[in-house]
Amino acid sequence: MTLEEKAAQLGSVNAERVLEGTEVDREAAKEWLEHGIGHLTRIGGEGGLSPTDAARVTNELQELLAETRLGVPAIPHEECLSGYMGPEATTFPQMIGMASTWNPDLLQEVTQTIRGELEGIGTVHALSPVLDVARDLRWGRVEETFGEDPYMVAEMARSYVTGLQGEGRDDGITATLKHFVGHGATDGGKNRSSLNVGMRELRETHLFPYEAVISEANAESVMNAYHDIDGVPCASSEWLLTDVLRGEFGFDGTVVSDYYSVRHLVTEHGTANTKREAGVACLEAGLDVELPYTEYYGEHLVEAVEAGELTEETLDASVRRVLTEKIEKGVFDDPEIDAEAAADAFHTDAAQEVNARAARESIVLLKNEDDLLPLDVGSVAVVGPKADDKKELMGDYAYAAHYPEEEYESDAITPLAALESRDGLEVHHELGCTISGPSTDGFDAALEAAEGADVALAFVGARSAVDFSDVDEEQRKKPSVPTSGEGCDMTDLGLPGVQEELVETLAETDTPLVVVIVSGKPHAIESIAERAPAIVQAWLPGDDGGPAITDVLFGAYNPGGKLPVSLPKSVGQLPVYYNRKANTANKDYVYTDAAPVYPFGHGLSYTEFEYADVELSADAITPLERVTASVTVTNTGDVAGDEIVQLYTHAANPSQARPVQELRGFQRVSLEPGESARVSFDLSATQLAFHDLDMNLAVETGPYEVRIGRSAADIVETLDLEITDSKVVPKTARTYYTETSVEPLE
């Protein structure tokens with residue numbers, strides 16, 4: 001291969017540069033593809049193409065590549081966080097909702113379904129999942145995450161990757177772990193701002209999910225984060241991308257750039273002065289492919305080699321990794337896909353069934369005073385801006401939300417539509433107010449509707465989108481400003497606009513009030529929690545959101561979801577994540593305590609669960625032994641339901657300050673009325689390891705507590721465990737995940 005051909009394999013081209021409408025601009029494409037190309041960037045999604053057209057255009061671009069000197073095909077990639085981010089795709093719940101299911105097996109079914117749609121259009125590489133640990137709820141992208149706990153993130157991400165990739169490297173779709181690393185804890189909760197955490201926190205909180213998923217699920221790609229860590233941009237950090245990722249974690253796949261992050265070395269970080277300097281810095285650090293299109297690699301890398309600023313061996317190492325992926329994903333064998341069959345892979349009966357289950361299981365019942373829910377009424381008032389807009393059910397990386405200006409035909413069913421389709425139910429609908437903006441003109445009509453109904457249902461929340469607009473005070477007056485999603489970072493966690501005021505107005509009536517929060521943003525809802533008798537957290541439930549919410553409200557489905565984040569009383573209370581250290585968790589403010597409104601792991605049910613016979617298989621183990629914690633759970637109520645049993649540990653007398661407790665395992669169990677099951681957690685002592693004073697990962701001798709609970713704040717029983725010795729943990733002996741089992745009892 002020539003230098004130009006090698007450099008081309010580390011570049012990419014997006015739909016905007018090779019398409020004219022729905023057709024390939026062959027002249028532009030031939031120019032971009034002259035020496036070959038590494039990736040085709042979001043041809044279907046960015047191009048706004050139907051599945052049939054996406055497959056057809058991908059075929060044509062691969063045919064043009066076959067006509068180049070070497071004929072090397074490209075890797076087509078797409079976004080798929082909550083489903084393929086393109087027209088006609090199935091949209092599943094946003095990931096903060098999937099985390100609320102506490103059901104990794106269900107998430108694996110979801111991503112297996114997403115995989116089928118991607119394969120239908122010829123995609124072999126996907127830019128998901130997000131492994132960022134959400135530690136600052138002001139950050140707009142919290143909705144994309146699996147929440148605030150590193151173990152939860154690792155467990156859910158493992159299932160996401162397994163479903164997408166399949167059994168081996170020649171199966172499925174390459175998954176991309178992002179954003180490496182620490183994107184969920186940057187300064188001020190602002191997207192792309194600096195990360196300033198200690199090395200132990202970086203390793204034990206933010207790096208842990210990546211190491212676990214790479215080690216146990218063989219993730220095939222990683223994407224760098226935008227920000228810097230202690231002054232070094234992640235995109236150009238050799239320590240991060242080579243020493244840690246490839247050296248310590250054993251990662252052998254491709255590292256792709258977050259879009260434009262190579263450029264940001266010049267335009268944002270100021271650590272490079274020229275395109276060539278930035279390209280060389282990123283490639284030498286271990287960043288293999290520049291996305292979304294070639295700007296800083298390509299000819300600039302060729303010139304750098306010719307000028308002696310970059311060795312050809314460095315170039316070759318990344319090219320080999322890209323070519324290896326192409327071989328493993330089969331694009332060399334036959335890059336052509338059946339365009340006529342592409343649409344058949346979309347919105348299958350199986351996909352709809354999985355989506356319906358995912359939407360129902362993602363819903364969390366936060367409050368249910370006097371058993372107001374499930375409803376048994378003849379009329380409802382439906383108010384609020386989240387009741388009747390299909391796009392308002394979607395997360396920021398769903399096509400409808402990512403391109404809000406585009407016309408979008410969707411199979412999504414809104415809550416209002418689902419309620420109106422319910423036999424015998426009289427529905428009165430009033431908007432009440434818009435998502436943002438100061439107008440209260442609709443309050444009187446909403447109040448009148450509520451007073452004339454048996455129950456008032458208030459559908460409220462934030463609009464989710466990707467928004468990079470400049471700060472504009474005039475936006476406060478606009479009716480639909482996105483305040484959740486990428487680029488939508490906030491200093492206020494309350495409901496936007498006058499929605500909270502609307503809820504307070506409705507609460508003043510004699511009509512019972514149910515607040516349904518349809519939002520990816522974890523809101524500060526202290527006032528609503530005090531005044532509304534029932535609160536349902538629906539997150540962003542996707543296409544089947546309306547029926548799922550209605551099923552929960554009327555008892556056709558018993559909610560079993562639990563929170564993957566702690567909900568604060570106010571933005572000033574942050575951080576409120578459950579596994580803070582004691583001196584942070586236990587210190588109060590002058591007018592506010594340290595407890596969240598609703599804690600991590602919280603979620604109610606229409607039935608009751610009793611915990612009994614909690615025991616450990618041993619009360620002392622060595623640093624390399626295992627112990628089993630078991631509990632009997634019984635459904636003591638009158639309806640079937642799901643309980644999520646949670647396992648936590650606490651270091652009782654550690655040599656350094658440690659979190660007050662840490663999640664080590666969880667199990668969702670379904671029980672009929674009167675049914676019992678024995679839930680067991682097989683825990684390795686190596687999972688209790690932390691980094692000692694010499695930064696070695698070590699299990700420390702001493703007393704520990706093993707806790708079984710319903711949430712981080714509702715611990716049923718605590719058992720003592722002694723670790724008999726201290727030991728540095730070799731990687732070959734490390735356990736990342738707790739094995740769980742459920743045994744039905746007579």
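Under a cutoff of 6.0 Å and an axis angle of 45°, R422 and F554 form a cation-pi pair.
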Start with the C-alpha distance between H602 and L366, add both sets of side-chain angles, then the distance that settles side-chain contact (heavy atoms from CB on, under 4.5 Å), and finish with yes or no.
-> CA-CA 7 Å; H602 170 76; L366 296 178; 4.0 Å; yes
Take L506 and L502 through the side-chain contact (heavy atoms from CB on, under 4.5 Å) test and state the conclusion after the steps.
-> CA-CA 6 Å; L506 295 171; L502 173 65; 4.2 Å; yes
Walk me through it: do E88 and S50 pass the test side-chain hydrogen bond (donor to acceptor under 3.5 Å, both in side chains)?
-> CA-CA 7 Å; E88 302 180 31; S50 69; 4.7 Å; no
E504 and S527: CA distance, side-chain angles, deciding distance, side-chain hydrogen bond (donor to acceptor under 3.5 Å, both in side chains) verdict | CA-CA 8 Å; E504 291 175 352; S527 175; 3.2 Å; yes
Which is it for K190 and D489 under the salt bridge (charged side-chain N to carboxylate O under 4.0 Å, His left out) test, yes or no, and what are the steps along the way?
-> CA-CA 6 Å; K190 291 187 285 187; D489 312 315; over 6 Å; no
Intermediate values then yes/no, side-chain hydrogen bond (donor to acceptor under 3.5 Å, both in side chains), Y611 and E643 = CA-CA 11 Å; Y611 287 52; E643 174 66 333; 2.6 Å; yes
side-chain contact (heavy atoms from CB on, under 4.5 Å) evaluation trace for T145 with V565 | CA-CA 10 Å; T145 75; V565 289; 5.6 Å; no
List the steps and the verdict of side-chain hydrogen bond (donor to acceptor under 3.5 Å, both in side chains) for E143 and S484.
-> CA-CA 7 Å; E143 66 175 63; S484 183; 2.5 Å; yes
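A 4.5 Å side-chain heavy-atom check between L393 and P415 finds at least one atom pair inside the cut-off. By the 4.5 Å heavy-atom criterion applied to side chains, V130 and Y397 are not counted as neighbours. Side-chain contact between Q499 and I435 is present, with heavy atoms from C-beta onward closer than 4.5 Å. Using a 4.5 Å heavy-atom threshold, the side chains of N579 and L663 count as separate. Within the 4.5 Å cutoff, side-chain heavy atoms of L419 are placed close to those of L457.
Panel note: side chain N191, backbone E486; no donor-acceptor pair is recorded below 3.5 Å. Without hydrogens or angle criteria, T434 side chain to S480 main chain gives no donor-acceptor distance under 3.5 Å. Side chain of E78 to backbone of G45: a donor-acceptor contact under 3.5 angstrom is found. Counting only distance, with no hydrogens or angles, the side chain of S436 and the backbone of K478 share a donor-acceptor pair below 3.5 Å. Here the side chain of D454 pairs no donor or acceptor atom with the backbone of V377 at under 3.5 angstrom. K386 places a side-chain N or O within donor-acceptor distance of the main-chain N or O of V518, the cut-off being under 3.5 Å. At distances below 3.5 Å, at least one donor-acceptor pair connects side-chain atoms of N558 with backbone N or O atoms of Y606. Without hydrogens or angle criteria, S566 side chain to F600 main chain gives a donor-acceptor distance under 3.5 Å.
Summarising the geometry of G44 relative to Y84, their closest heavy-atom pair is C-OH, 3.2 Å, with the distance given to 0.1 Å. Of all heavy-atom pairs spanning C488 and A465, the tightest one is SG-O, 3.6 Å. Between Y399 and M85, the shortest heavy-atom distance links the atoms N-CG, 3.6 Å. Taking every heavy atom of both residues into account, P541 and P93 meet most closely at O-CG, 3.5 Å. The minimum heavy-atom distance between A456 and T511, with the atom names listed, is N-CG2, 3.6 Å. Closest heavy-atom contact between I96 and V142: CD1-O, 4.0 Å.
A salt bridge links E79 to K178: at least one charged side-chain nitrogen sits closer than 4.0 Å to a carboxylate oxygen. Using a cut-off of 4.0 Å between Lys/Arg side-chain N and Asp/Glu carboxylate O, K569 and D593 are scored as salt-bridged. D136 has a carboxylate O that lies under 4.0 Å from a charged side-chain N of R138, or vice versa, which qualifies the two as a salt bridge.
For E448, the CD atom counts as loosely surrounded, since its 6.0 Å shell holds 12 or fewer non-hydrogen atoms of other residues, nucleotides or ligands. Within a 6.0 Å radius of CD in E608, no more than 12 heavy atoms belonging to other residues, nucleotides or ligands are found.
Taken from CE in M98 to CE in M95, the straight-line distance is 6.0 Å, to the nearest 0.5 Å. Atom NE2 of H429 and atom CG of L416 lie 5.0 Å apart (nearest 0.5 Å). Taking OG1 of T91 as the start and CG of D544 as the end, the distance is 11.5 Å to the nearest 0.5 Å.
Between H183 and H179, the ring planes are perpendicular. Angles over 60° get that label, and only those under 30° would be called parallel.
The side chain to side chain donor-acceptor pair (under 3.5 Å) search around Y578 returns D149, not counting sequence neighbours.
With 3.5 Å as the limit, one finds a donor-acceptor pair spanning the side chains of S670 and D642. Under the 3.5 Å distance criterion, with hydrogens and angles disregarded, a donor-acceptor pair is assigned to the side chains of T90 and E117.
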